[in-house]
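See structure below.
Everything quoted here is computed from the prediction, not taken from an experiment. The first residue in the sequence is number 1, and the count goes up from there.
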Amino acid sequence: MNFLAHLLLSGPPAAAHYADLLVGNFIADSVPGRQLEKYPAAVQAGIRLHRAIDTFTDQHPVVRRSTQRLRQAGYGKYAGVISDVFLDHFLARAFEDYSAEALPEFSQRVYALLTARRADMPPRVQHFLPYMTEHNWLLGYAQVEGIRRALSGLSRRATAGSGMETATAELERNYAAYEEDFGEFFPQLQQHVDAFISTV
């Protein structure tokens, strides 16, 4: 999953340690290996939550159906990355089916919380958070153009020739199939996350 799903799946805002879980979930991709131990226990739990979400997602047969479709379209080893971004698109489009908040209000609340904790984040995350906030990435995911921008940014940081910047053509070509995959998969992911959070 990409940023929006991870942030939404950090639990209800009233829950104990919510802010720490949110921060950990947000920074996890920039916290390798044993660096986990540098963070407070509740932030560590958020990092582990992020990893549990990624493992469940990558191994799920519905997501594998999406990634296989992307491989057949020529995206090879980047199929999983592209699928994650597509999932965020469909979550953004149907956000109020999965959240008590509308996406604009959710986005602004989360940006404010993350910005207040920016000093606790790895340098890479500190660098891109203001850009993410200024350009409102989370809200932008609801539009295909926002997905195109996200994939173009990922393509610039990937190996030359990844082709990710062209993947919205595949999204538009098979939109109903990817939307169906999301609708089948995401409630199962929510259940998995709820069970994980109940143990934190």
Side-chain angles (χ1 to χ4, degrees), residues 1-10 25-33 35 47 50-51 53-95 103 106-107 110-111 114-115 118 121-183 185-186 189:
M1 304 301 290
N2 204 46
F3 287 120
L4 180 59
H6 278 291
L7 291 167
L8 176 63
L9 292 169
S10 296
N25 203 344
F26 181 64
I27 68 173
D29 283 336
S30 296
V31 181
Q35 289 188 23
I47 295 168
H50 181 110
R51 293 172 181 173
I53 290 168
D54 283 354
T55 298
F56 182 85
T57 300
D58 292 344
Q59 295 176 354
H60 199 283
V62 173
V63 175
R64 288 183 172 179
R65 185 168 70 207
S66 290
T67 55
Q68 179 60 25
R69 194 181 298 117
L70 283 158
R71 288 190 186 94
Q72 290 173 346
Y75 292 100
K77 66 181 182 179
Y78 297 101
V81 177
I82 296 166
S83 174
D84 284 349
V85 177
F86 285 6
L87 290 168
D88 258 14
H89 170 65
F90 292 109
L91 176 58
R93 296 282 293 181
F95 194 76
L103 181 56
F106 173 85
S107 300
V110 167
Y111 292 146
L114 293 173
T115 299
R118 186 180 172 204
M121 299 176 181
R124 173 180 172 271
V125 185
Q126 290 187 29
H127 176 74
F128 75 69
L129 178 60
Y131 187 83
M132 177 183 184
T133 301
E134 178 185 355
H135 294 277
N136 204 352
W137 290 1
L138 301 179
L139 190 62
Y141 292 152
Q143 306 302 322
V144 171
E145 180 55 34
I147 296 302
R148 183 179 290 111
R149 286 194 298 269
L151 289 167
S152 294
L154 289 167
S155 181
R156 286 192 293 272
R157 297 190 293 276
T159 305
S162 74
M164 285 190 284
E165 71 281 0
T166 71
T168 50
E170 167 61 17
L171 174 63
E172 292 175 316
R173 189 161 43 243
N174 287 301
Y175 196 91
Y178 290 109
E179 186 173 30
E180 181 180 352
D181 289 350
F182 169 81
F185 165 70
F186 197 74
L189 176 60

Any side-chain heavy atom of [X] within less than 4.5 Å of one from [Y]?
X	Y	value
Asn174	Phe86	no
Trp137	Leu4	no
Leu114	Leu7	yes
Ile147	Gln143	no
Phe186	Leu9	yes
Asn25	Ile47	no
Val85	Leu154	yes
Phe185	Phe90	no

Inset, instruction - May I ask you to decide if the ring planes of Phe106 and Phe95 are parallel, tilted or perpendicular, using 30° and 60° as cut-offs? - result: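 Tilted, since the angle between the ring planes falls between 30° and 60°.
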
Measure across [X] and [Y] and return the closest heavy-atom pair with its distance rounded to 0.1 Å.
X	Y	result
Ser155	Ser162	OG-OG, 3.2 Å
Val144	Glu172	CG1-OE2, 3.7 Å
Ala150	Tyr141	CB-CE2, 4.1 Å
Ser83	Ser66	OG-CB, 3.8 Å
Ala79	Leu70	O-CD1, 3.4 Å
Met132	Leu138	CE-CD2, 3.7 Å

Inset, instruction - Show your working on side chain to side chain contact (heavy atoms under 4.5 Å, CB included) between Tyr75 and Thr67 and close with a plain yes or no. - result: CA-CA 9 Å; Tyr75 292 100; Thr67 55; over 6 Å; no

Separation between [atom1] of [X] and [atom2] of [Y], rounded to the nearest 0.5 Å:
X	Y	atom1	atom2	value
Gln126	Ile27	CD	CD1	10.0 Å
Thr115	Leu129	OG1	CG	4.5 Å
Arg156	Leu151	CZ	CG	11.0 Å
Ile82	Thr168	CD1	OG1	10.0 Å
Leu171	Glu179	CG	CD	9.5 Å
Thr166	Arg148	OG1	CZ	10.0 Å

Legend entry - Verdict with supporting geometry, Asn2 and Leu87, side chain to side chain contact (heavy atoms under 4.5 Å, CB included): CA-CA 8 Å; Asn2 204 46; Leu87 290 168; over 6 Å; no

Legend entry - His135, NE2 atom: more than 12 neighbouring heavy atoms under 6.0 Å: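 Enclosed: over 12 neighbouring heavy atoms sit under 6.0 Å from NE2 of His135.
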
Inset, instruction - Show the numbers, then the answer: is there a salt bridge (charged side-chain N to carboxylate O under 4.0 Å, His left out) between Arg69 and Asp181? - result: CA-CA 11 Å; Arg69 194 181 298 117; Asp181 289 350; 3.0 Å; yes

Inset, instruction - Could you give me the CA-CA distance, side-chain angles and deciding distance for His50 and Asp54, then say whether side-chain hydrogen bond (donor to acceptor under 3.5 Å, both in side chains) is met? - result: CA-CA 6 Å; His50 181 110; Asp54 283 354; 3.2 Å; yes

Inset, instruction - With side-chain hydrogen bond (donor to acceptor under 3.5 Å, both in side chains) as the test, would you mind laying out the steps for Glu165 and Ser152 before giving the verdict? - result: CA-CA 4 Å; Glu165 71 281 0; Ser152 294; over 6 Å; no

Legend entry - Sidechain N-carboxylate O distance under 4.0 Å for Arg124, Asp29: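 Not counted as a salt bridge, because no side-chain N and carboxylate O are separated by less than 4.0 Å.
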
Inset, instruction - Check His89, Glu170, Glu180 against Tyr175 for a side chain to side chain donor-acceptor pair (under 3.5 Å) and give me the one that passes. - result: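 In the set His89, Glu170, Glu180, the residue that makes a side chain to side chain donor-acceptor pair (under 3.5 Å) with Tyr175 is His89.
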
